Amino acid sequence: MSAGESPTIVIPFVSPRAGDPVITSELVADHGLSDDEYERICRIMGRTPTFTELGVFSAMWSEHCGYKNSKRLLQLLPTQAPWVIQGPGENAGVIDVGDGYALAFKIESHNHPSAVEPYQGAATGVGGILRDIFTMGARPIAVLDSLRFGDLDSARVRYLFGGVVSGVGDYGNCVGIPNIGGEVAFDRGYEGNPIVNAMCLGLMKKEDLITASASGVGNTLMVVGARTGRDGIHGATFASEELSEESEEASRPRVQVGDPFTEKLLLEASLELISSGAITGIQDMGAAGITSSASEMAGRAGNGVQIDVARVPVREPDMTPYEILLSESQERMLVVATKGHEHEVHRILEKWELEAEEIGEVTADGRFRVLENDAVIADMPALPLTEGCPTYEREGIEAEEVRQLREMDLTEHLIPNGDLTKAFLLLLASPNVASKRWIYHQYDTTVRTSTAVRPGGASGVVRIRGTKRAIAATTDCNGRFVYLNPRRGAMIAVSEAARNLVCTGAVPTAITNNLNFGNPLKQHIYYQFREAVLGMADACKAFETPVTGGNVSFYNETDGRAIYPTPVIGMVGIIEDLSNITPQSFQSKGDDIVLLGENTAEMGGAEYLYVTAGLVAGEPPRVDLARERQLQRAVLTMIQNNELRSAHDCSEGGLACALAECALGDEEAPFGVKVELDDTLPPVATLFAESQGRIVVSCAPDRTENVIKLAMDHSVPARRIGKVGRRGEAFHVTAIAGQIKIDLVTLSRAYFGALPAIMNTPASSVE
């Protein structure tokens, strides 16, 4: 070839498969691709794609896999720190937690499937996040879940809620992974679309880390685990479109069906495969099934793959290549076996009674090639599938409706004085405040015997055996705050997650996020997303908690109505010494109660407004990131100096509800409370506002002076506000012109009995 000549590009010709439909503009639209995107595919291919190739591109360029409307903004998030071993781009993030150990962790959504089939949608969400963790070489040690539903006065919502909780519990219980916490929220803003986010933690020695890469030309591709069926076909595309009442029934075949017993075998077999040295890569067949796992592994290694779908074990007759490639049947893995060690892989899998089949190999030509009995039915460059997806940065404009809600005058809601006990009991019995014991008692929380702090508090904690260390984890987000002010609301979500960890004695270390939003093609939704990402970035930088990965879930809309923007924060922290683990509830009568931080009259987005007036309005509370960081450091210093008996942050329901939760830690023998607040604020604000940067701590009376001095040393406002009473004494809180006074039996009944009472309402007929 002479100088200046372009190399000849060979465009492989692939004949359309008999029976495949003709590619039309309607078919392209049905695959979720725009005209411009289809033209881009044709340019990449140098020809018109076949039906199978169109399906592959459609799945990989869907929002769920390609992140086309979020990738540019996500690059603004901090992702690096000395303790980050693996950041975004792999199955899970990994951080160094000391003593030679590494923690793999991630959160992901299964929102659309759970809206259609709540039990299987939630169960397979748990199964998928478990596989993301053990494919990194880590053994799952705990799961958490973050759930959102409409108001429970709807029979359909109760049906969805019951199905999701059962699915989460049954799958985790069968596999034998403890559920250590999470959060559940109820609001009409989630009426059409429940939010089901599952988080998993996994522990490993640092040297056991493995990545999902198809390295080693000539190495063998093997499918491992369950056979492939027609469930979940085009699930990735399903997750990238809005729902409607008409579409739900049609969408049921795209919901996967889980088998936790096969998952348990797959977990053990995968960890043994990784430790055997017989494989170079392994990846879960999640969204887009074989297509995504094979193309992503090839892309990371800069190689190609060749697959013969006729060799893939199937459980249904006459499955087409299109169906096999895009099925999202559960409990399946793609393994890259070192050439010559296939027999070792088979031996290990036979031991665990799992099926394995050699379906292809790693190639050097950088192509994603699919055969059917040696006939080529798809041949395309691999890298454009993962790196060539077009990305967009759209115009975002705030909705006028939201601006008006934020600017609403809430003065009339601050007027009530006198006896506020009735309003307080309504608030305490709200499903958003009341005990979630009814939920987590359905989960196994102590299996594997490493759980140090069980659900019911701000954070769950698991020990690292053989060390003095522990890992604390939490999930957090207040969708109302984000709806009213997306940037501030996201900052609050990160701040509260950090406070939750600090209150258990953990140093906030890193986050994974699940960004749940509506249709990003709508300007007001894109505005919410952009502002939330910017707020999250600011907070993560301020707290030095890098983002190691996560998930974006768009199109959470039904019949055009979007959920509240809900960027869920999954945060992990390290407890250096088990002796520093601090409980949430009061521990001893006569202890002093100290409030760290300041009360304000910021009622915007508060649970009090929702319970008493049905309102989601007002400006959310201010958040000062520098002061939040000072508060975190002050509380950690107090804990490390053994000054505190308990610590609990103020969130939903405000200071009054935080005090009640501290008193009711032991349902059988709660503590009385005597608190006097001298704020000049209206009593409703003092007691029920959800002002940020506040933590209620208790300490022995002879340590109070030290606690207040340490707070002042960190420039944190602090004052003694009352005492822990005897078991059986009244709960009595006064705020100048208002008071709450109630016996502990009534208090306990409101808090622990509210959710069971609501759920016992007949829900046999679904609205």
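Fair warning: this is a prediction, and the values are worked out from it, not measured in the lab.
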(request) Could you pull out all residues at least two apart from R300 that satisfy side chain to side chain donor-acceptor pair (under 3.5 Å)? (result)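 With sequence neighbours excluded, R300 shows a side chain to side chain donor-acceptor pair (under 3.5 Å) to Q283, given in chain and number order.
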
Checking the side chain of [X] only, and the main-chain atoms of [Y] only, is there a donor and an acceptor separated by less than 3.5 Å?
X: T291; Y: L325; answer: yes
X: S295; Y: A382; answer: no
X: S459; Y: N500; answer: yes
X: N514; Y: S109; answer: yes
X: H110; Y: G121; answer: yes
X: Y190; Y: I195; answer: no

Output a table of donor-acceptor pairs, distance under 3.5 Å, between side-chain atoms of residues 95-103 and any protein atom two or more places apart or on a different chain; print 'none' if there are none.
| residue | atom | partner | partner atom | Å |
| --- | --- | --- | --- | --- |
| D96 | OD1 | G98 | N | 2.8 |
| D96 | OD2 | K206 | NZ | 3.0 |
| D99 | OD2 | R469 | NE | 3.0 |

(message) Run the side-chain contact (heavy atoms from CB on, under 4.5 Å) test on L515 and S70 for me, step by step, so that the C-alpha distance in whole Å, both residues' side-chain angles and the decisive distance to 0.1 Å come before the verdict.
(response) CA-CA 10 Å; L515 310 182; S70 59; over 6 Å; no

Selection [range] - residue pairs positive for ring-ring contact (aromatic ring centres under 6.0 Å, His included), sequence neighbours left out:
range: residues 457-479; result: none
range: residues 513-540; result: F517-F529, F529-F554
range: residues 481-502; result: Y483-Y564

(request) State, without any angle test, whether N485 and E619 hold a side-chain donor-acceptor pair at a distance under 3.5 Å. (result)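 Side chains of N485 and E619: pair found under 3.5 Å.
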
(message) Can you see whether N111 engages N556 through a side-chain donor-acceptor pair at a distance of less than 3.5 angstrom?
(response)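 N111 vs N556: donor-acceptor pair found between side chains.
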
Using a 4.5 Å cut-off on heavy atoms from C-beta on, say whether the side chain of [Y] contacts that of [X].
X: P486; Y: Q528; result: yes
X: P567; Y: N513; result: no
X: S270; Y: I282; result: yes
X: N478; Y: V482; result: no
X: V502; Y: P508; result: yes
X: S495; Y: L625; result: yes

(request) Return each pair, listed once, that meets side-chain hydrogen bond (donor to acceptor under 3.5 Å, both in side chains) where at least one residue sits in residues 128-148; pairs must be two or more places apart or across chains. (result)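 side-chain hydrogen bond (donor to acceptor under 3.5 Å, both in side chains) check on residues 128-148 returns N91-T135, R131-E263, R131-D284, R131-Q330, R139-E268, D145-N179, S146-R148, S146-E183, R148-E183.
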
(request) Apply side-chain contact (heavy atoms from CB on, under 4.5 Å) to V453 and list each qualifying residue two or more places apart in sequence or on a separate chain. (result)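 With sequence neighbours excluded, V453 shows a side-chain contact (heavy atoms from CB on, under 4.5 Å) to V461, I581, given in chain and number order.
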
(message) Restricting to side-chain contact (heavy atoms from CB on, under 4.5 Å), what partner residues turn up for T79, sequence neighbours left out?
(response)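 side-chain contact (heavy atoms from CB on, under 4.5 Å) check on T79 returns P88.
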
Nearest 0.5 Å, please: how far is [atom2] in [Y] from [atom1] in [X]?
X: S293; Y: L221; atom1: OG; atom2: CG; value: 9.0 Å
X: I464; Y: I471; atom1: CD1; atom2: CD1; value: 4.0 Å
X: R463; Y: T451; atom1: CZ; atom2: OG1; value: 7.5 Å
X: L267; Y: M333; atom1: CG; atom2: CE; value: 9.0 Å
X: L534; Y: L73; atom1: CG; atom2: CG; value: 7.0 Å
X: E690; Y: C650; atom1: CD; atom2: SG; value: 10.0 Å

(message) Going by salt bridge (charged side-chain N to carboxylate O under 4.0 Å, His left out), name the pairs with one or both residues in residues 492-508, residues two or more places apart or in two chains.
(response)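 Of all non-adjacent pairs touching residues 492-508, those that pass salt bridge (charged side-chain N to carboxylate O under 4.0 Å, His left out) are R499-E628, R499-D649.
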
(request) Name all pairs fulfilling the salt bridge (charged side-chain N to carboxylate O under 4.0 Å, His left out) condition that reach into residues 383-393, sequence neighbours left out, sorted by first residue then second. (result)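 Every candidate salt bridge (charged side-chain N to carboxylate O under 4.0 Å, His left out) pair involving residues 383-393 fails, so no pair, neighbours aside, qualifies.
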
(request) Starting from the C-alpha separation in whole Å, work towards a yes-or-no answer on side-chain contact (heavy atoms from CB on, under 4.5 Å) for W83 and I574. (result) CA-CA 11 Å; W83 51 90; I574 300 172; over 6 Å; no

(request) Only one of R72, K71, K68 passes side chain to side chain donor-acceptor pair (under 3.5 Å) with T391; say which it is. (result)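 The passing option is R72.
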
(message) With side chain to side chain donor-acceptor pair (under 3.5 Å) as the test, pick out the partner of N516 among N197, N551, N193.
(response)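 For N516, the side chain to side chain donor-acceptor pair (under 3.5 Å) test succeeds with only one of N197, N551, N193, which is N197.
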
(request) List the steps and the verdict of side-chain contact (heavy atoms from CB on, under 4.5 Å) for M136 and Q86. (result) CA-CA 10 Å; M136 301 297 293; Q86 176 63 59; 4.2 Å; yes

(message) One pair to check against side-chain contact (heavy atoms from CB on, under 4.5 Å): I129 and I107. What are the steps and the verdict?
(response) CA-CA 7 Å; I129 198 64; I107 190 169; 5.6 Å; no

(message) Does this structure show an ion pair linking R406 with E398, if we count only N-O contacts that are shorter than 4.0 Å?
(response)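 A salt bridge is present here (some side-chain N lies under 4.0 Å from a carboxylate O).
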
Donor-acceptor contacts under 3.5 Å from residues 537-545 side chains, at least two apart:
| residue | atom | partner | partner atom | Å |
| --- | --- | --- | --- | --- |
| E544 | OE2 | R629 | NH1 | 3.4 |
| E544 | OE2 | R629 | NH2 | 2.9 |

(request) Would you please name every residue forming a salt bridge (charged side-chain N to carboxylate O under 4.0 Å, His left out) with R622, sequence neighbours left out? (result)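 Here the qualifying residues are E602.
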
